[in-house]
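All values below were derived from every heavy atom in this structure, side-chain atoms included, with hydrogens, water molecules and symmetry-related copies excluded.
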Amino acid sequence: MSYRYMRILLFFDLPVETTVEKRAYRHFRKYLIQEGFIMLQQSVYSKLVLNGTTANLLKNRIKKACPTKGLVQVLTITEKQYANIDLMVGFQQDKVLDDDSRLTII
């Protein structure tokens, strides 16, 4: 088994007009945090995974946990590609999780 660290970027835009939609939003966000995602920006989350197989398994779990309304998009890239992010405005966060200390192998 080869290890090629992958980064999953998850973007979502969910409606929050009714009580039911707000509840679905909170549950989905809480689910992402429990899965080990970290928030990069509002509605943009990221998680480091071991390889492509693990990324596919995680995407399937996310698909099952998605709310029925709204837009959820997942982008999988290699860690090397993720490291090439150019920072245009703002400052880089020092507390970025870039190791596998929180990685759970199933």
Side-chain angles (χ1 to χ4, degrees):
M1 180 176 193
S2 66
Y3 298 107
R4 183 176 180 185
Y5 293 109
M6 306 291 287
R7 179 74 65 162
I8 293 181
L9 298 172
L10 188 135
F11 312 91
F12 65 90
D13 187 19
L14 302 177
V16 288
E17 295 177 359
T18 66
T19 304
V20 174
E21 291 171 345
K22 288 178 185 176
R23 176 179 286 167
Y25 173 86
R26 285 192 309 268
H27 281 258
F28 185 64
R29 185 179 178 281
K30 192 173 191 178
Y31 173 78
L32 292 177
I33 292 170
Q34 287 174 346
E35 281 285 341
F37 280 86
I38 58 171
M39 187 171 79
L40 297 177
Q41 294 182 5
Q42 191 168 6
S43 300
V44 179
Y45 285 75
S46 169
K47 181 176 181 177
L48 181 70
V49 293
L50 195 58
N51 54 29
T53 305
T54 309
N56 289 333
L57 290 172
L58 182 59
K59 285 193 289 187
N60 289 335
R61 286 200 308 262
I62 292 169
K63 188 180 289 184
K64 291 178 183 173
C66 281
T68 56
K69 294 181 180 177
L71 177 66
V72 178
Q73 298 172 310
V74 177
L75 174 66
T76 305
I77 59 174
T78 64
E79 186 61 16
K80 187 174 181 179
Q81 292 170 324
Y82 182 77
N84 288 331
I85 288 179
D86 290 327
L87 191 61
M88 301 293 177
V89 176
F91 57 92
Q92 187 168 357
Q93 291 184 355
D94 294 335
K95 297 177 89 178
V96 174
L97 179 64
D98 60 352
D99 61 9
D100 58 355
S101 62
R102 294 180 58 193
L103 181 66
T104 303
I105 299 173
I106 299 173

Non-neighbouring partners of I77 that pass side-chain contact (heavy atoms from CB on, under 4.5 Å), sequence neighbours left out: R7, L9, L75, Q81, Y82
Any pair with a residue in residues 38-80 that passes ring pair (Phe, Tyr, Trp, His ring centres under 6.0 Å), sequence neighbours left out, goes on the list, sorted by first then second residue, please. F12-Y45
Tell me whether R61 at atom CZ has more than 12 heavy atoms from other residues, nucleotides or ligands lying less than 6.0 Å away. yes
P15 versus G70, closest heavy-atom pair with distance: CD-CA, 3.7 Å
Quick check for you: to the nearest 0.5 Å, what is the distance between I33 atom CD1 and F28 atom CZ? 11.0 Å
Correct closest heavy-atom pair for Y31 and I62 would be OH-N, 4.1 Å
Linking I/L/V/M/F/W/Y whenever any side-chain heavy atoms sit under 4.5 Å apart, do I85 and L40 land together? yes
If you count the non-hydrogen atoms of other residues, nucleotides and ligands that lie under 6.0 Å from NZ in K69, is the total more than 12? no
For the hydrophobic clusters of this structure (ILVMFWY residues joined by side-chain heavy atoms under 4.5 Å, transitively), does one cluster hold both L58 and M39? yes
Tell me whether V16 is reachable from L32 by hopping between hydrophobic residues (I, L, V, M, F, W, Y) whose side-chain heavy atoms are closer than 4.5 Å. yes
Hey, are the side chains of F11 and S43 touching, using non-hydrogen atoms and a 4.5 Å cut-off? no
Can you tell me how far the CG atom of N60 sits from the NZ atom of K64, to the nearest 0.5 Å? 6.5 Å
To the closest 0.5 Å, what do you measure between CG (L50) and CD (E79)? 12.0 Å
Residue pair L14 / L71: nearest heavy atoms and the distance that separates them: CD2-N, 4.2 Å
Quick one about T54 and N51 (side-chain donor to acceptor, distance below 3.5 Å, no hydrogens or angles considered), yes or no? yes
If we ignore hydrogens and angles and just use 3.5 Å, is the side chain of K47 paired with the main-chain N or O of E35 as donor and acceptor? yes
